[in-house]
2 protein chains.
Amino acid sequence: MYSIGEFSRISGLSIKALRLYHEKELLIPTLIDDQSGYRYYDHKNVERARIIKYLRDMEFSLSDIGEILKDANDEADVVEFFEKKKKEILSRIHQQKNIIKNLELIIKTEKEAVMALNHTEFEVEEKEFDTLLIAGVRYKGKYSDCGEAFKKISKAMGWNICGKPFNLYYDSEYKEEDADIETCMPVKKGKNVEGISVRELPGGKGVSLIHKGPYEALGRSYEKIMAYIKGKGYRPKLPTREVYLKGPGMIFKGNPENYLTEFLVVGIQ
Amino acid sequence: MYSIGEFSRISGLSIKALRLYHEKELLIPTLIDDQSGYRYYDHKNVERARIIKYLRDMEFSLSDIGEILKDANDEADVVEFFEKKKKEILSRIHQQKNIIKNLELIIKTEKEAVMALNHTEFEVEEKEFDTLLIAGVRYKGKYSDCGEAFKKISKAMGWNICGKPFNLYYDSEYKEEDADIETCMPVKKGKNVEGISVRELPGGKGVSLIHKGPYEALGRSYEKIMAYIKGKGYRPKLPTREVYLKGPGMIFKGNPENYLTEFLVVGIQ
DNA sequence: ATAAGGTCTGCCCTAAAGGGAGAGTCAATA
DNA sequence: TATTGACTCTCCCTTTAGGGCAGACCTTAT
């Protein structure tokens, strides 16, 4: 006969747990002293304690364990409990993996933004651009309409999206209203659906300038890149691109002073 | 201005949750009517509610969310929270995968036992046996000593074990005490360690008989297989094998009437 | 006898709400 | 204006599997 402390050391279950299991009638001491109320356990309890501990380690609830111990005398009878538990855990894992995907998306976005902030001088650069598969929605309207277009593309393309969102501007002049805009996202694959065109955007030689700061001040950087192009005698090809490297995030609006936008004129001659 | 019910529909948070978030000062209504105590929300609360819901979906605790909303104004500031959360979830997934492994082990064992119970007639069969890589512990003693030997092998071989445990009997006669026994488990790979020999067990033509019932009654099946061998004029080769297809399980002792043991005499001539 | 240490019950605490009681409030209708 | 029905308020209890603590009681050794 073991006192509760000894039995706790034997079974690896805490005293509190043993008292709880007694209360829930999962593990009833062999003897309870009438006078003192002391619980005494013997070797027959060891086996049952081992089973309970094992099932707790498998994360069965106490009520499940109660049912298992009540209904089952043989491993064969618990298989259905185990199958059910397995399914539960698998679906839990699935859910957690989705969360991780979401977390990683934001982590990655931020890391890239920090890299961009650290490693560029925000000067005009000439670069070679690859052809890019994109999903785009083209419309005439205002810049601010692009939010809705992004939502539409996100919904339609889901996990196929593989890069930063951007706008293509088809007007050769600056237009406040009624501008000819195509809102785009790079994709791995995808099909044309109502209003969304999936196609290749040609690459080639181009110039790039990263703009740091609020969107209201984009004009200055626009002038700068155009002045560079003119200075070099290039003839810019439409559409121009505006890539939103870092803007208002999925969670916070963020500080507009840290927004990063990349102007691209691809296909200079 | 929205009442709590309207705001609940807008934000997708339950009324109970909104009241809780108010109490925890995570989401404070724009106006609280002095007379009635009614909470009123406006559009400025919508954004914060969206963030809170998003973070709850990522399974952040309310206190974490409080810290995030207090300390951070920008996505960049939350990256460390996200990294930490990601680590937590990954370790949780790891743990759950281990549980699943354990569950599957028992499920598989039981399914195989059920198959064995259904598909054999418990008659002597002649079969061809493959060579088997095993880890074995050899000793002189009683049958009941094998439990400890199995524990030793399990501990040393871990996840390399790939089949049912069995004993090899090297005595040509039945011995109660001081029998020459080798306790074995099939393994995928492994090295000789103190007391455990990892090697190939030769296969070949052999006879098999499955015994259903308690170990005490093994004698009858032993006689049966020996009678068969004698009747065919085979000369049995030592050691004989006793494979424990289903015995007392990891959880329950089970019903001995359903224990399954396979006798094998491999290498008949 | 006394002291030390073990054990008892009972109460409160955790996280994130959900459920319900009983009272008060708002808005529309008769 | 009165009433009705739908909302909302606060307060309290419940969930899980125990942990922590207080004050009382018990066992065992010296």
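Letters A, B, ... are given to chains in the order of the sequence lines, protein chains preceding strands, and every chain is numbered from 1.
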Handout entry: Distance, nearest 0.5 Å, that separates CZ of A:Arg92 from CD of A:Gln95
Key = 4.5 Å

What donor-acceptor contacts under 3.5 angstrom involve side-chain atoms of residues 60-70 of chain A, with partners at least two apart or in another chain?
{"from": "A:Ser61", "atom 1": "OG", "to": "A:Ser63", "atom 2": "OG", "distance (Å)": "3.3"}
{"from": "A:Ser61", "atom 1": "OG", "to": "A:Asp64", "atom 2": "N", "distance (Å)": "3.1"}

Exercise for the section: State whether the side chain of B:Ser8 and the backbone N or O of B:Leu13 hold a donor-acceptor pair below 3.5 Å, judged by distance alone. Expected result: yes

Exercise for the section: Kindly compute the distance separating CD (A:Glu242) from CG (A:Asn167), expressed to the nearest 0.5 Å. Expected result: 6.5 Å

Exercise for the section: Would you check if the side chain of B:Arg48 reaches a backbone N or O of B:Leu26 as a donor-acceptor pair within less than 3.5 Å? Expected result: yes

Show me the protein contacts with nucleotides 10-15 of chain D, counting only N or O atoms at under 3.5 Å.
{"from": "D:dT10", "atom 1": "OP2", "to": "B:Arg39", "atom 2": "NH1", "distance (Å)": "3.2"}
{"from": "D:dT10", "atom 1": "OP2", "to": "B:Arg39", "atom 2": "NH2", "distance (Å)": "3.0"}

Handout entry: Nucleic acid contacts - residues 2-10 of chain A versus DNA chain C, non-hydrogen atoms under 4.0 Å
Key = A:Ser3, A:Ile4, A:Gly5

Completion exercise
Per-nucleotide protein contact along nucleotides 23-30 of chain D, 5' to 3', at a 4.0 Å heavy-atom cut-off (B base, S sugar-phosphate only, - neither), is ---BS---

Handout entry: B:Ala149: side chain to side chain contact (heavy atoms under 4.5 Å, CB included) partners, not counting sequence neighbours
Key = B:Val137, B:Tyr139, B:Thr183

Exercise for the section: Check the pair A:Tyr259 / A:Tyr215 against ring-ring contact (aromatic ring centres under 6.0 Å, His included), numbers first and verdict last. Expected result: CA-CA 8 Å; A:Tyr259 289 178; A:Tyr215 296 145; 5.2 Å; yes

Exercise for the section: Nearest 0.5 Å please: distance from the CD1 atom of A:Ile196 over to the CD1 atom of A:Ile134. Expected result: 11.5 Å

Handout entry: Pairwise side chain to side chain donor-acceptor pair (under 3.5 Å) hits with a residue in residues 144-164 of chain B, at least two apart
Key = B:Glu112-B:Lys164

Problem - Span of DNA chain C in contact with chain A (heavy atoms, under 4.0 Å) - result: C:dG6 to C:dG10

Fill in the blank from the handout: Value for CG (B:Leu245) from CG (B:Asn258), rounded to nearest 0.5 Å, stands at 13.0 Å

Fill in the blank from the handout: Taken in chain and number order and not counting sequence neighbours, the residues that satisfy salt bridge (charged side-chain N to carboxylate O under 4.0 Å, His left out) with A:Arg9 are none

Practice task
Kindly write out the residues that satisfy ring pair (Phe, Tyr, Trp, His ring centres under 6.0 Å) with A:Phe7, not counting sequence neighbours, or none if the list is empty.
Solution key: A:Tyr41

Practice task
Considering non-hydrogen atoms only, spot the tightest contact between B:Arg19 and B:Arg39 and give its length.
Solution key: CD-NH1, 3.4 Å

Completion exercise
Here the side chain to side chain donor-acceptor pair (under 3.5 Å) pairs for residues 102-111 of chain B, sequence neighbours left out, are A:Glu83-B:Lys111, A:Lys86-B:Glu104, B:Glu110-B:Lys246

Completion exercise
Expected list for residues 42-64 of chain B near DNA chain C, using heavy atoms below 4.0 Å, is B:Arg56, B:Ser61, B:Leu62

Problem - Closest non-hydrogen atom pair between A:Phe150 and A:Cys184, with its separation - result: CE2-O, 3.5 Å

Fill in the blank from the handout: Minimal heavy-atom distance between B:Ile181 and B:Gly141, with the atoms involved, is CD1-O, 4.2 Å

Practice task
Five pairs at each end of the helix from C:dA1-D:dT30 to C:dA30-D:dT1: take the axis at both ends and give me the angle between them to 10°.
Solution key: 40°

Fill in the blank from the handout: Taken to the nearest whole Å, CD1/B:Ile15 to P/D:dC7 is 9 Å

Practice task
Answer yes or no: are there more than 12 heavy-atom neighbours, outside B:Glu88 itself, under 6.0 Å from its atom CD?
Solution key: yes

